[in-house]
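Proteins get letters first, then strands, A, B, ... in listed order; numbering begins at 1 in each.
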Amino acid sequence: MYKIAYKKMLNPTVGLMKIEAPLIAKKALPGQFIILRTDENGERIPLTVAETDKKSLVTIIFQLVGATTIKLGAMNEGDYLSDFAGPLGRPSKLEGLKNVAVIGGGVGSAIAYPVAKGLHENGAKVHIIAGFRSRDLVILEEEFAAISDEFLIMTDDGSYGQKGLVTDALKAIIERGENLDEVIAIGPLVMMKFVAKLAKEYNIKTTVSMNPIMVDGTGMCGCCRITVGGKTKFACVDGPDFDGFEVDFDEAMSRLSEYKVFEGNAKDHVCNLLNMKNGTVN
Amino acid sequence: MPNMSLKKNDMPSQKPDVRNKNFSEVALGYSEEQALDEASRCLNCKNKPCVSGCPVGIDIPSFIELMKAKDYIGAHKKITEASSLPAVCGRVCPQESQCEGKCVRGIKGESVAIGRLERFAADFYSANCEEKTTGKITPCGIKAAVVGSGPAGLTCAGELAKNGCEVTVFEALHKPGGVLVYGIPEFRLPKAVVAREVEGLKSMGVEIVTNAVIGRTITVDELFEQGYNAIFIGSGAGLPNFMKIPGESLKGVYSANEYLTRINLMKAYENESDTPAKRAKNVAVVGGGNVAMDAARCAKRLGAENVYIVYRRSETEMPARTEEVHHAKEEGIIFKTLCNPTEIIGDESKTVTQLKCFEMTLGEPDDSGRRRPVVKPESEFILDCDAVIMAIGTSPNPLIKDTTEGLDTNRWGCIVADDNGKTTRENVYAGGDAVTGAATVILAMGAGKTAAQAILKKFEK
């Protein structure tokens, strides 16, 4: 059992928790993830490690999108998760990078944060572009500001930061002559697809963090397979970071929708049980 | 006088049209009367050919003699001298190609039902005896780590603990048992049976740590730093293989590992479970092993109308246990042998709708000694299906190999180990599917036991 030592809602649909898991806290590096189960009947879901205190606490940030994350969001400090395994996946390769644009989309920003922080600690120049639908969904603003050389918030509706897409901001940075070694994009597949497409026009190496459906997450079930450069790769052991120019995003988007109908039903079921509406407490 | 009946006692089973709708155990086990009758068919041969067919060398005639005398507890004890998981092996061993394949009675008529007798003894013991009381074991001073809690790991841990080692088993998943819980379905091996074996180990003082992914949570080197003298790696078969044909990324295409894990480990068939599994109408399972049979029979139980086994050789070459093939047929699984898929076809939503196959014929024997399947020209046909499950084997998991220096693997990525389970890294032993590639429960157990004995010998004072 793994204790929830701290909980905070970052916005109405995004929660942050610190979980007591010393072995993982001591080990996890940027880009790695954990698999958790809330309870005995719970699903195994992967979540990226947002931060650790290197001693005992592992921070996870999650969006209340499906049955499991809604269940998780309904848990409180002092409660226990039945399972918490990791750190899984290969750490992001950050060594040697000097000038990097880190792009986070929505809750993907939470995953981009440890990567950006790692780069900042390595002494790299870090440009952070964080995209959100609107002002009330913005997360980690102070944290990002503290570790970046440049920090741009983009909103779809212009209610905060600049109005526009993260690709607009990336294009502006590149066009003004910033000499980027690499673009690291973490967020919705469609965002990563278009970031990779844009960066390719300028031939700037792009790394994306893939988030397919997983079951065991340790290299056994093969559910997380994606196609990279025409070859089958398993995100849990070969990734989750891959070359953005090589990933078949359209296929990944299709595969991510495999259980949509079931997820919708399960979400309604959990919401009814918890007396919630669309994952938000009534 | 031995019972000279040419036929073995039939196994009482749930009726096929009943059991293919539930997940309860198919084979119900012998009654005492049947067990005694079956035991009396054993000739107690002096040269014991059956024992030579058992990968762990159970003294089969001796345990059957004890059964004849109604000393079932004694029979169980006799089996456990050689095997730590009799209730499991009695259920899942391919007896026909092992002990029973060597039985003299099988020359004219059917062999003695050794597996069923083993199961009876094991089930009798657990129904009538308290939790294993092993008495005081004198500590031998060896501290051992076992990676993986499948058949190899559990056996190795049991053997080490029995001899006084301090043993910790590290399991990556949330539940111990490895393939016995995520792979083999409830209807073939009830999870309560596995749990009982695990409890037995715990009562011997074995510590089991779940959610511990060796290579990630803790590395092999760190285990040595923590004071373990020896490490046994029984991490299992690894990642599923796919055929590399078009359409394998369509929705509705699964590896058998994924499909079975969702159903067995995550209990997707129960309402309370949060984990989904597709309820498909027409399912094609590609492969001819036990895993393929398990996946097909699970699909049927989840309500599929038509379930096909698509296998490129003939039924004679199928690696699955005879009984599983027989049970699958009884349950209405349709066998498409001598058929090989060449493409999976999907609709506009990228969901599988059809499997394109070719008929095959058998040519000259290949490296495996089995006759090589050859495509029959112009024999293409289409199977309508909304799920395709690939059960064509696995490739080793890279986690431990990639994080352990000095641990050699072969060209397929399997850990290199000698006959005693010794790897190229000092004090690291390995066995089971991690070494051999996908094989059987009993072979993994045999490897776990051999490695345990090698560890004991090495550290003997």
Is any side-chain heavy atom of A:Val215 closer than 4.5 Å to a side-chain heavy atom of B:Met266? yes

Distance check, rounded to the nearest 0.5 Å: B:His174 atom NE2 versus A:Leu36 atom CG? 12.0 Å

Do you see a donor-acceptor pair shorter than 3.5 Å between the side chains of B:Asp274 and A:Asn41? no

Go through B:Ala237, B:Gly238, B:Ser255, B:Gly215 and name the one with the most non-hydrogen pairs under 4.5 angstrom from chain A. B:Gly238

Going by ring-ring contact (aromatic ring centres under 6.0 Å, His included), name the pairs with one or both residues in residues 32-70 of chain A, residues two or more places apart or in two chains. none

Return the minimal non-hydrogen interatomic distance between B:Arg262 and A:Cys223, and the atom names on each side. NH2-SG, 3.7 Å

Could you tell me whether A:Lys7 atom NZ has more than 12 heavy atoms of other residues or ligands within 6.0 Å of it? yes

When rounded to the nearest 0.5 angstrom, what distance separates CG in A:Asp216 from CD in B:Glu258? 9.5 Å

For A:Cys221 against B:Pro240, the heavy-atom pair lying closest together: O-CG, 3.5 Å

Please flag which part of A:Lys231 lies under 4.5 Å from any non-hydrogen atom of chain B: side chain, backbone, both or neither. neither

Please look at A:Arg37 and chain B and tell me whether the side chain, the backbone, both or neither of the residue comes under 4.5 angstrom of a heavy atom of that chain. side chain

A:Arg90: what forms a salt bridge (Lys or Arg N to Asp or Glu O under 4.0 Å) with it, not counting sequence neighbours? B:Asp402

For A:Thr218 and B:Asn397, which heavy atoms make the closest approach, and how far apart are they? O-ND2, 2.6 Å

Count the heavy atoms belonging to other residues, nucleotides or ligands that lie under 6.0 Å from CG of B:Asn271, then report whether that count exceeds 12. no

Could you tell me which portion of A:Gln32 (side chain, backbone, both or neither) has an atom closer than 4.5 angstrom to a non-hydrogen atom of chain B? side chain

If you count heavy-atom pairs within less than 4.5 Å of chain B, which of A:Gly89, A:Ala28, A:Gly217 leads? A:Gly89

Heavy-atom distance under 4.5 Å to chain A: side chain of B:Leu399, backbone, both or neither? side chain

Going through the distances and angles, do B:Glu222 and A:Lys27 end up as a salt bridge (Lys or Arg N to Asp or Glu O under 4.0 Å)? CA-CA 12 Å; B:Glu222 286 164 339; A:Lys27 256 279 144 82; 2.4 Å; yes

So which part of B:Glu171 gets closer than 4.5 Å to some heavy atom of chain A, the side chain, the backbone, both or neither? neither

For B:Glu405, I'd like to know if atom CD has over 12 heavy atoms of other residues, nucleotides or ligands within 6.0 Å. no

When every non-hydrogen atom of B:Arg216 is compared with those of A:Leu88, the smallest separation belongs to CD-CA, 4.2 Å

Are the side chain of A:Arg255 and the backbone of B:Ser249 linked by a donor-acceptor contact shorter than 3.5 Å? yes

Under 4.5 Å to a heavy atom of chain A? For B:Thr351 that would be neither

Give, as side chain, backbone, both or neither, the part of B:Thr217 having an atom under 4.5 angstrom from any heavy atom of chain A. both

Lys/Arg-Asp/Glu bridge criterion (N-O < 4.0 Å) met for A:Glu258, B:Lys350: no

Below 4.5 Å from any heavy atom of chain A, which atoms of B:Leu250 appear? Answer side chain, backbone, both or neither. backbone

Under 4.5 Å from a heavy atom of chain B, the part of A:Ser82 involved: backbone

Region of A:Tyr2 that comes under 4.5 Å of a non-hydrogen atom in chain B: side chain

Does any heavy atom of chain A fall under 4.5 Å from the side chain of B:Ser395, the backbone, both, or neither of them? neither

Where B:Phe242 and A:Gly222 come nearest, the two heavy atoms and their spacing: CZ-O, 4.4 Å

Candidate pair A:Met220 and B:Leu239, rule side chain to side chain contact (heavy atoms under 4.5 Å, CB included), full reasoning: CA-CA 5 Å; A:Met220 184 272 282; B:Leu239 286 158; over 6 Å; no

Might you work through the side chain to side chain contact (heavy atoms under 4.5 Å, CB included) test for B:Ile218 and A:Lys26, ending with a clear yes or no? CA-CA 10 Å; B:Ile218 311 168; A:Lys26 284 175 193 145; over 6 Å; no

What distance do B:Thr275 atom OG1 and A:Glu43 atom CD have between them, rounded to the nearest 0.5 Å? 4.5 Å

B:Lys251 and A:Ser254 have their tightest heavy-atom pair at CD-O, 3.2 Å

Taking side chain as everything from C-beta outward and backbone as N, CA, C, O, which of these in B:Tyr259 sits under 4.5 Å from a heavy atom of chain A? Side chain, backbone, both or neither. neither

